[in-house]
Amino acid sequence: MDRLKRGSRRYAVGLMSGTSVDGIDAAVVEITGPPGGSERPAVRLAAFENRPYPAAVREELFALFDPREATVDRVGRMNALLGELFAEAALSAIAAAGLAPADIAVIGSHGQTIWHAPEPQRYCGYGVAFTVQIGEGAVIAARTGVPCVSDFRVADIAVGGQGAPLVPFTELLLYGEAERTLLLQNIGGIGNMTVLPAGGTAEDVFAFDTGPGNMLIDGLVSKLYPGLTMDEGGRIAGAGRVDEGLLGELKREPYYALPLPKSTGRERFGAAYVERLLAYRAERGLSNEDLIATVTRLTAWTIGDAYRRYVRDRYAADALIVGGGGSHNRALIGMLKRELEPYGVPVLTQEEAGHNSDAKEAVAFALLADYAMAGLPNNLPSVTGAVRPAVMGKISHPFRP
Ligand SMILES: Nc1ncnc2c1ncn2[C@@H]1O[C@H](COP(=O)(O)OP(=O)(O)OP(=O)(O)O)[C@@H](O)[C@H]1O
Ligand SMILES: CC(=O)N[C@H]1[C@@H]2OC[C@@H](O2)[C@@H](O)[C@@H]1O[C@H](C)C(=O)O
């Protein structure tokens, strides 16, 4: 297949490593229909794999989230190493789809966010905003022989956007409906909501980070239960009781009331926040289960709060569809239903709505890369706050004799 022939059926690979740092998601998708056409592209998932990071890599990545540890040599080395690991993940998924690298038109790689500072700060007399995703695209292109589009977010930040969230661009293409207003809630490390109004166009969509997704739960579990990295199924939270005093204090975090557009990350809800929660637990003698039940409820509350604050007065939502790893946490889903169902908004998982929750973000980066290769804009200024459309992603071409 001629990988450069556009507008026809083609294969693309999407690679994602999210804020939970649980591993590399690789999706191989078959795309039909020209990018940017008036018709929606049809996307079929041909293969999906998740490759957990080796423990040493995960540990080193967590070290690099602390800017005092993230010296330029360590970041540079990890950038190259992640390029190798992403390339391995892509090659493995391509083989799982029964394809060869020569069949693939493009690889879209999100990389690993290690710092996200989208609000301009004064620096050397200038106002500067930035975001850092590592995982070298040149290495991915060289190892796979496939053009790689990487480092998407910086192009949106360069035109005044938050550089996040980016997936809503593809959610509009793949999920938008004429008759129903849908809320798509991702619960990864961070939580983020996309509002797709019935019959809405790109200008009508809005989306934002709701706050912590699993990040606080994971952070507490790994400190309090050595050997565990998550509250599997929500069993720990299910055995605890919410501490209303702590919950009330946590709700006062200023991020929740910020106006849109907004995005957040580990800089706000990372290791230092978890240390504060552990200090509170020690002071008040809270059990592990009660602490984890409380942050689980907080996570559900942030989503209900976002709905009340930004959506309720504008749209009657027909459903909230939950994706990301948090959709496997039954305690969290139960709490979320109690937050939203009183407003007549049913809560469903991506699977219940007929989609693959785990593959969704990787699929999105395959599609974003398809647009980038065609030189077409792939950000949603209404979502990110960018002053104009941008073609996000840097292209690394492999050498092909
Ligand atoms: N079976 C499960 N039970 C409970 N929680 C789960 C389960 N499986 C995954 N999770 C949670 O989901 C997290 C991973 O979610 P996901 O892969 O969607 O995040 P991510 O893509 O890294 O994050 P982001 O979307 O913020 O970039 C895990 O760290 C864990 O907290
Ligand atoms: C800077 C960054 O990596 N942001 C992530 C993170 O994880 C979830 C949420 O915060 C979202 O804003 C974004 O990821 C998804 C893939 C997005 O851009 O849509």
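Note that ligands are numbered from 1 as they come in the structure, with each ligand's atoms numbered from 1 the same way. We use all heavy atoms of the structure for the numbers below, so side chains are in, but hydrogens, waters and symmetry mates are not.
- Numbered from 1 in the order shown, with element, the atoms of ligand 1 that lie under 4.0 Å from a heavy atom of Gly324 read 18 (O).
- Between Asp209 and ligand 2, at least one pair of N/O atoms sits closer than 3.5 Å.
- Residue Arg153 has at least one nitrogen or oxygen atom sitting less than 3.5 Å from a nitrogen or oxygen atom of ligand 2, judged on distance alone.
- Ring centroids of Phe206 and Tyr310 are separated by 6.0 Å or more, keeping the two rings apart.
- For Arg77 and Glu60, the salt-bridge test fails: no basic side-chain N is under 4.0 Å from an acidic carboxylate O.
- For the pair Asp156 (side chain) and Arg153 (backbone), a donor-acceptor distance under 3.5 Å is absent.
- Here's the thing with Leu166: one of its N/O atoms is less than 3.5 angstrom from an N/O atom of ligand 2.
- Nearest heavy atoms, Pro212 versus Tyr256: CD-OH, 3.5 Å.
- For atom 3 (O) of ligand 2, the closest non-hydrogen atom of the protein is Thr113 OG1, 2.6 Å.
- Scanning the protein heavy atoms around atom 12 (O) of ligand 1, the nearest turns out to be Gly325 CA, 3.0 Å.
- With a 4.0 Å heavy-atom cut-off, ligand 1 is reached by the side chain of Met230 but not by its N, CA, C or O.
- Without hydrogens or angle criteria, Ser357 side chain to Gly324 main chain gives a donor-acceptor distance under 3.5 Å.
- When only non-hydrogen protein atoms are considered, atom 23 (O) of ligand 1 lies nearest to Gly189 N, 2.9 Å.
- The Gly326 neighbourhood of ligand 1 comprises atoms 12 (O), with distances under 4.0 Å to a heavy atom of that residue.
- Close approach of ligand 2 to Glu361 (heavy-atom distance below 4.0 Å) involves ligand atoms 16 (C).
- Close approach to Asn214 involves these atoms of ligand 1, each under 4.0 Å from a residue heavy atom: 11 (C), 12 (O), 13 (C), 31 (O).
- Atoms of ligand 2 found under 4.0 Å from any heavy atom of Ala164, numbered from 1 in the order shown, are 12 (O).
- Annotation for ligand 1: atoms under 4.0 Å from non-hydrogen atoms of Gly233 are 2 (C), 3 (N), 4 (C).
- Proximity annotation for atom 7 (O) of ligand 2: of Thr19, Thr210, Thr170, Thr384, Thr19 comes nearest, heavy atoms only.
- Taking a 6.0 Å sphere around CZ of Arg309, one finds it holds more than 12 heavy atoms contributed by other residues, nucleotides or ligands.
- Thr144 places no side-chain N or O within donor-acceptor distance of the main-chain N or O of Ala87, the cut-off being under 3.5 Å.
- Polar contact check, Met16 against ligand 1: no nitrogen or oxygen pair lies under 3.5 Å apart.
- Nearest protein neighbour of atom 1 (N) of ligand 1, counting heavy atoms only, is Glu232 OE2, 3.1 Å.
- Below 3.5 Å of separation, one finds an N or O of Val167 facing an N or O of ligand 2.
- Residue Arg276 places its CZ atom among more than 12 non-hydrogen atoms of other residues, nucleotides or ligands, all under 6.0 Å distant.
- Set against the non-hydrogen atoms of Asp218, the atoms of ligand 1 under 4.0 Å away are 28 (C), 29 (O), 30 (C), 31 (O).
- The local environment of CD in Glu59 is sparse, with at most 12 non-hydrogen atoms from other residues, nucleotides or ligands closer than 6.0 Å.
- Geometrically, ligand 2 and Gln133 share no nitrogen or oxygen pair separated by less than 3.5 Å.
- Note on Glu244 versus Lys251: no salt bridge recorded, every NZ/NE/NH1/NH2 to OD/OE distance being 4.0 Å or above.
- Nearest non-hydrogen protein atom to atom 26 (O) of ligand 1 is Thr19 OG1, 2.5 Å.
- Taking 4.0 Å as the cut-off between side-chain N and carboxylate O, Lys223 and Glu275 count as a salt-bridged pair.
- Distances below 4.0 Å separate heavy atoms of Glu361 from the following atoms of ligand 1: 21 (O), 25 (O).
- Taking atom 8 (C) of ligand 2 as the reference point, the nearest protein heavy-atom neighbour is Asn192 OD1, 3.4 Å.
- Distances between N or O atoms of Ser20 and those of ligand 1 include at least one value under 3.5 Å.
- Close contacts of ligand 1 with Gly188, meaning ligand atoms under 4.0 Å from a residue heavy atom, involve 15 (O), 16 (P), 18 (O), 19 (O), 23 (O), 24 (P), 25 (O), 26 (O).
- By the criterion of a heavy-atom distance under 4.0 Å, both the backbone and the side chain of Pro165 are placed next to ligand 2.
- Donor-acceptor pairing under 3.5 Å is lacking for the side chains of Tyr175 and Thr194.
- For the residue pair Asn192/Asp209, the side-chain donor-acceptor check at 3.5 Å is not satisfied.
- None of Val167, Val29, Leu174 except one satisfies the side-chain contact (heavy atoms from CB on, under 4.5 Å) rule with Leu367; the exception is Leu174.
- Annotation for Arg330: atom CZ does not count as buried by contact number, only 12 or fewer foreign heavy atoms lying within 6.0 Å.
- With a 4.0 Å heavy-atom cut-off, ligand 1 is reached by the side chain of Asn186 but not by its N, CA, C or O.
- In terms of protein heavy-atom proximity, atom 17 (O) of ligand 1 is nearest to Asp22 OD2, 3.2 Å.
- Given atom 4 (C) of ligand 1, the protein heavy atom at minimum distance is Asp231 O, 3.2 Å.
- Checked against the 6.0 Å centroid criterion, the rings of Phe65 and Phe62 qualify as a close aromatic pair.
- With hydrogens and angles left out, the side-chain atoms of Ser327 and Gln350 include no donor and acceptor closer than 3.5 Å.
- Annotation for ligand 1: atoms under 4.0 Å from non-hydrogen atoms of His328 are 1 (N), 2 (C), 3 (N), 7 (C), 8 (N).
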